[in-house]
Every structure is written in C-alpha cells, then in structure tokens.
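Structure, as structure tokens:
In what follows, chains are A, B, ... by sequence order, proteins preceding strands, each numbered from 1. Note that the structure is predicted; figures quoted are calculated from it, not measured.
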Protein chains: 2
Amino acid sequence: MEKIAVVGAGLAGSLISVFLARRGFKVDVFERRSDMRNIQQSAGRSINLALSTRGIKALKKAGVAEKILKHALPMHGRMMHEVNGELKYQPYGKDGQYINSISRRLLNVELMNLAEDFENVSMYFEHKCLNVDFENTQLTFQTNMGKKTESYSSIIGSDGAFSALRMAMQTSGRFNFSQDYLPHGYKELNIPPKSGQAQMDINSLHIWPRGEFMLIALPNPDNTFTCTLFLPFEGVDGFDNLKGDDEVIRFFQKYFSDAQDLMPNLLDEFKSNPTSNLVTVRCYPWVKEKVALMGDASHAIVPFYGQGMNSSFEDCVILDDMMEKYLPNWDKVFDAYQEERKPNADAIADLALQNFIEMRDLVGDKDFLYQKKIEHRLCSLYPEQFKSQYELVTFSNQPYHEALNKGQHNTELVQKIIKENLEHKIEERDFMESFLAQRDL
Amino acid sequence: MEKIAVVGAGLAGSLISVFLARRGFKVDVFERRSDMRNIQQSAGRSINLALSTRGIKALKKAGVAEKILKHALPMHGRMMHEVNGELKYQPYGKDGQYINSISRRLLNVELMNLAEDFENVSMYFEHKCLNVDFENTQLTFQTNMGKKTESYSSIIGSDGAFSALRMAMQTSGRFNFSQDYLPHGYKELNIPPKSGQAQMDINSLHIWPRGEFMLIALPNPDNTFTCTLFLPFEGVDGFDNLKGDDEVIRFFQKYFSDAQDLMPNLLDEFKSNPTSNLVTVRCYPWVKEKVALMGDASHAIVPFYGQGMNSSFEDCVILDDMMEKYLPNWDKVFDAYQEERKPNADAIADLALQNFIEMRDLVGDKDFLYQKKIEHRLCSLYPEQFKSQYELVTFSNQPYHEALNKGQHNTELVQKIIKENLEHKIEERDFMESFLAQRDL
C-alpha cells in the first residue's frame, strides 16, 4: 500500500487524511503538539469559525458533513452595534442563506476522530518535523523516544502558518515567500449566558465597527458568545496603551458600553488572555518534488472574510479532484493542484484584507451602506444576473479570483447607478437587464 | 570598552567594522565561511561591482577610499552591442562622471585588511551563528572547537541575503518579510585579453540587450572582461533548454556572435560555472532589541542598477551618522537608522527591478532611445534644473526614494515635450526654464 505522510493534524491535515484514506492510501499523520483530545483548552484560545458553502462542500465530499454540521449554529446576518447601543441588521444573503458558527477545536476534534476511524490512518503526536529530504521524500522527526526518519511516496504539508515544511522550501532556492503582519492584534473575550439565556441574538454575527478597530461576537450552542477585539498595537486606542484596569474600563465604556454590560469577567479576561498577531502568508511554488503545501502553510490569511478554514477545505477538494484525474502520477496531481489553487489563494487573501476595512470602518459609513442597499436590491430582483461578491465568496463555489473580479465590477456598476441617478429604474426589468448585461461586454 | 558584534565579514560587515573601530568600540566580527584571503576563488564566482558616488562617499568617510579606488577601472558609458555586431555608445553622465568597475573579492579582501588593521577589531572565521538571544544580546556560534556563546552591547547583522539573524527575527513574531525570485538566473563567462590587449573598450560597461535576456561585460585591470549572461530558466531561450554543446553554440551564434568570437573557453565555462538565482529581499523592522540588520540582510536587491554594494555602504554612512548623533543611546541610533533607510532600500529595490527591463529590453527600443536623447540634452543644457534618475542614483547622494520620484516626473516631462512637439524649443532657455519649473508645482 502506497504510504503518504500528512504533516500537521489541524483542520486541513485532518480533512485531507480522510480524502487520502478513502482512496486507499496508508496515511501517517504527524502533529507537533500533544493530542488536543486529551488536554484542556487553554483560556482565550477558543476561536469560532464561520463554516460556509465551500467548507460544507468539502465535508460532504469527504462524507462527514452531517456529523460536523450538528455542532454548528446558523448566522443569517450581521448585527451592527452603534456606539449608542442602537442595532442595525444586514442579512448576509437571500432567505435561507446563512453561515455556520462552529468552534475550531470541536471541528478539529471531530475531523481527527473521523480520520482515525479509518484503519489505514495512523496519527502520531508530539512529532516535531526536524528535516525534509525532498530528493528522497523523507521526513525526520524529533519524538519523545528520539529521532525517527521515514520515507513516503508523497508528503502533504498542512502544518499551518508557521509551517516547518514551508521553511525547508524557503531555504532551498527559488521559492517566493512573504509574511505580512497587520498593525492590529486580537484578543478573545467572552459573553456568558444570563440565567441560561443568550444575552444577544444567537443567529447573527455581531459587529461593533469603530473605524480603526472593532469588536465582533460569534454565538455558540451553549448560549455563550466568543468575542474578538481587533485593535492596533500602537496608538491612543491600541493594545500597548491599555495596560491598567482603569484604561480598559474607560476604553470599553467609551466604545463598547453595551457589550461591556454583558461581560462580567472583562477585566480578568483582558489581562489573562493572550494578544495574538494577524499575518498574511503567500508563497510559490507550493510543490517541491513530491512534497505539497496546503491550507495555512501555503496561504495563511486574516480572518475577516471567514474563509480561512473554508479555503483550506477547498484545497482538499481540488487536491482530491486532481488525484481522481491524474493518479498514479503525483507530479501531475500536485502541479495541477497548485496551478488551480494559487490565483484563488491570492484572491481570498486580498478579499480578507479588504473585508477588514469593510467590517471595522465602512459598515458605519452612510455612502457605503447606501451602495450595499442598492446591491442588495439588485441581488434580490436579478438573482441570475447580479450576484454580490459576498454571495459569490460565501454561498458559491465559484473560484475566489472570479469573485474578486466580479466584486470590483459590481462596485463600479452600483456607483454608476448612483452617479447617473438610475435608482428609480432598478425595478424596470427590461432597462435593468440590458444595463446589467453591458457589464460583461 | 563596549563590545559590538558584527555577524558577516562581507562588504557591509567589513566596512561597518571600520566605522565602529574608529569610534573606539571593541568589535568582534564573525564569519560563517573560511577566511577568503587564504583560499583560492572558485571559478565562475568572480563578480564585478560598479562602485559609484554613494559607495565612494562611504569609503571616504571611513578613510579608506584611496586604498580601494586604485584597484578600480573607470567606465564612462554603456556600449550596446546589436545582434549584427554594430556598436552604440551612451555616456552615463556628463564629462568626468563615471562608475568604477572593481572585483568584489578584491574589495572585500581590502576592507577586511583595513578593519583588521585596527587593534580593537578581531575577526573570527568558520563561526556559524546558531542562535540569537535578543533579550540578552547574546550570540551562539558553532565553531571548529565546539559551541561558543558571547554577550554584546549591540549586534550588527550583515550576514547577507540569507541572513541567519534575519531568520531569527522572522520566526519571532510581527516581522514583515518577503523574498521574490526573478524567473531569470545568471551565469558568469569570461573574455580574456588577446596578445595581452583588451578585446573591447575597457572604459565601458558592455551590454548585449536581447529583449527577455541580455549579456553584460565589465572590464578588469588585467584586460579581461567579466561577462554575465542573464537568462530566464524556462522557455526556448532559457537555461533549462541549453543543455548540450550544440544548443549553447547555436544560441550564442544567433544572439551574441561578436562576443562568442572573443570567448575561447565559452563551452567549458558555460558547463562548469554555476547558474545562480536573482532575489529581492525586503523586511521590516530591521531592528529587534539591540540587534540591527544592514546590507543584503535587510534589503537584498537585483544587480541591475549597480547599487547593491553602494546602498549597503550608504547604510554604513547613515548608521555612523546616527551613532554620531545619538550614542550612547543605541535604541535611538538603531531606530533613526531604520526609519531613514527603509524607504530608500525599498526605492532602490524597485529601481533595480525597473532597470533590468531598461537594460535588457528598452535600450534597444527606438522610442525609448529618443526619450533618453531628449533627457540627455535637458541634463546638459539645464544641469541645475534637470537631473536624470540615473544621475541622481549614481552620481549623487540624494535619497533613493527621491530619485525614484524625480525619475517618474522626468519621464512624464519628456513625454510631454514629445507629445506637444516642443523638441525645437529645448534650447530656448527662457521657455524651457519656466517649463521645467512647472514640474515642481
């Protein structure tokens, strides 16, 4: 039986192991950390994800969607919290379109269990990758029992944003690579239930947009909310400046007073939870000899479009498609995979950076909201001719780079409608359909 | 006596050691490789550099210019070789302006000798940096006698494009970094003298521009020329396609027949000399705690503007200026240094990439040459009001980012002159002076 190594038992690594197992390979999964199933989660590291169409497609293809989705909570739109506590709601899409809040840890645990259910999958924890011998497709690990070297017919590097496999590629010549940090960091906070009840609407993603920074909250099935505060490190309203209790309290009173009222443990959490970085990683090629990168190892993105996990799961789908097409020729599998995925990974990286500005700043901007309103009307009235970028990214499987391009066209189109005062004609079907058709010329 | 470590005894490392020694510090210089003064140069690695105003200023400030410049050969202009062997000459600047061809190795050896002439400088070879303890300003090296750890008051990382110190910063959080490879590589070749005489003009930099690729040649004092062939790796006219003797010969006959006639050892050299990569490295910050990067470690650039070494030497000047201003406060020294240098390092990286296109492609383009001709007339007639980008980069000490901006303005201005048919007015002083003055509005 052909042996494949998967380095990293995170979300992408666990899911690709399922795909590989279903194809009959002997799969060895190596994880640097201990088995998360045996240890308690460290505080302030819960992290919620928004599972949407692409991710669900991958889970379905792997045959595990049902088992996962029962842990998810639907979010139908954004609930914006203004400084004075006023709420504004924007649906994400049409009726019946929603994204799914799910705990990262729970998702990871489920996927690891599902992978290990296959007889031909073995998982090894506390295995730190020390060396990659690309020529011989060989891995060397540091384990608790000493060093260990194994050979494989192919190796998948799904070892995250600080990938050891990518680092080995980086120093091996002609490997383009960048890591870009935002000036912002993030800190997790928590809104507990009150008398067992959720303190806010549990079917929305809550946003407190404040220009240069923001707070968001995603609901959990236990009626808690996992909140994330995104803030610059430097400046007056920056993490570096919020050291004392008084400063933290004043800051929350000023900007997030309605949220503060729901956070009984704010000060403790603020002090004890870590402040984490936000990085975008791009690289190319993703393949060297018989070693391929996927997920965050090849394209770590910022979390603002809710597509980090979804794009990694889409990597799994495309890699599986290419296995279907080209196996047993791994060179062709990997080449076709990276050529297909690279432009889409770049596009979702750009989209995620753009969406940070949209979420923290523009959702409070009148002109922007007016544009969004027109866009929403076009989406509803002409669902075939006009799809918003958000819809294409979140509720379709169209390649990200096409969604990026269409999004730019949409913006131009809506701005043209406003500039030429055509709002009153939006419901004139004949006029509008020909107007929309122009776009594709 | 305060102890400073310099990691890397290349050009920047050797020169900054001189500056540090002159300020009375105890300087330990660590080099991964053996002492190049004791070993023969490996074939195909000779490399010539073009020393110009910025580099000379640095050497003068360090008090070593005279000793270096006696090994240099002036190059007054570009000599372009067309496919049919026809020659076209472009002066680099005004009369008396020239750049200086010098061997990298010889320059490095001289600078190492000059640094070691100081009693307070010690050089350690075959010291591979294994670890940087930023908090304690401590370095650990692998030496032939085992491991060695030393503490310093400051550390300079001048360990080149693949810097170990930068790598340590890269994995320590919030460090922006990119490495971008060109699709081109390069290979060194050689034109020997004939009966003791140089076979081409020794006061020119020779260029064979061929669109997607090019050959260049720099003169040496021994009447040889060091040639460099820049070629894509892939494609019909790519290195990967030039494997057999026949292919190499046919390729040279087709594109570089006049040069081929002067290269008796072409085939041997082509086969035995390595094919090297071309990388641009950018990063920020350059400083972490009391450790600062400089030269290629902080900004490796492609060689097409002849400014790699000159910009590294300018780093030394700026760092020395900041020491003058802010010592004994190393934090201020390093902060002011990186803030001053970063925009200029980015600018020269961009300029170097742009100049590759100019050298290999545009110098054979009629419109471009016509623009250059007008630019040259403006430079000669209005030397105070109009300075070409090349002049600002090569023959001035104006910050690179200003040269980049002025260059863009110049291009617009010349294009406007051509578009509005104002060429006949170039010599009308009153008209032209007010025309040029508009630019600054």
Residue B:K332 excluded, over 12 heavy atoms near NZ under 6.0 Å: no
More than 12 non-hydrogen atoms from neighbouring residues, nucleotides or ligands closer than 6.0 Å to NZ on B:K147, yes or no? no
Any chance CD of B:E247 has more than 12 other-residue heavy atoms, nucleotides or ligands included, within less than 6.0 Å? yes
Checking heavy atoms, do the side chain of A:T280, its backbone, both or neither come under 4.5 Å from chain B? neither
Given a strict heavy-atom distance threshold of 4.5 Å, which part of A:F175 is in contact with chain B: side chain, backbone, both, or neither? both
More than 12 heavy atoms of other groups within 6.0 Å of A:Y326 OH: no
Checking B:Q170 against A:Q170 for the side-chain contact (heavy atoms from CB on, under 4.5 Å) test, could you report, in this order, the C-alpha distance in whole Å, the side-chain angles of both residues, the deciding distance, and whether it holds? CA-CA 12 Å; B:Q170 191 193 313; A:Q170 189 192 315; 3.1 Å; yes
Strictly distance-based, threshold 3.5 Å: is any side-chain N or O of B:D180 a donor or acceptor partner for the main-chain N or O of A:N176? no
Relative to chain B, which segment of A:F162 carries a heavy atom at a distance below 4.5 Å: side chain, backbone, both, or neither? neither
At what distance, to the nearest 0.5 angstrom, does OG of B:S178 lie from CD of A:Q179? 9.5 Å
Interatomic spacing from CZ in A:R174 to OH in B:Y181 - rounded to 0.5 Å: 9.5 Å
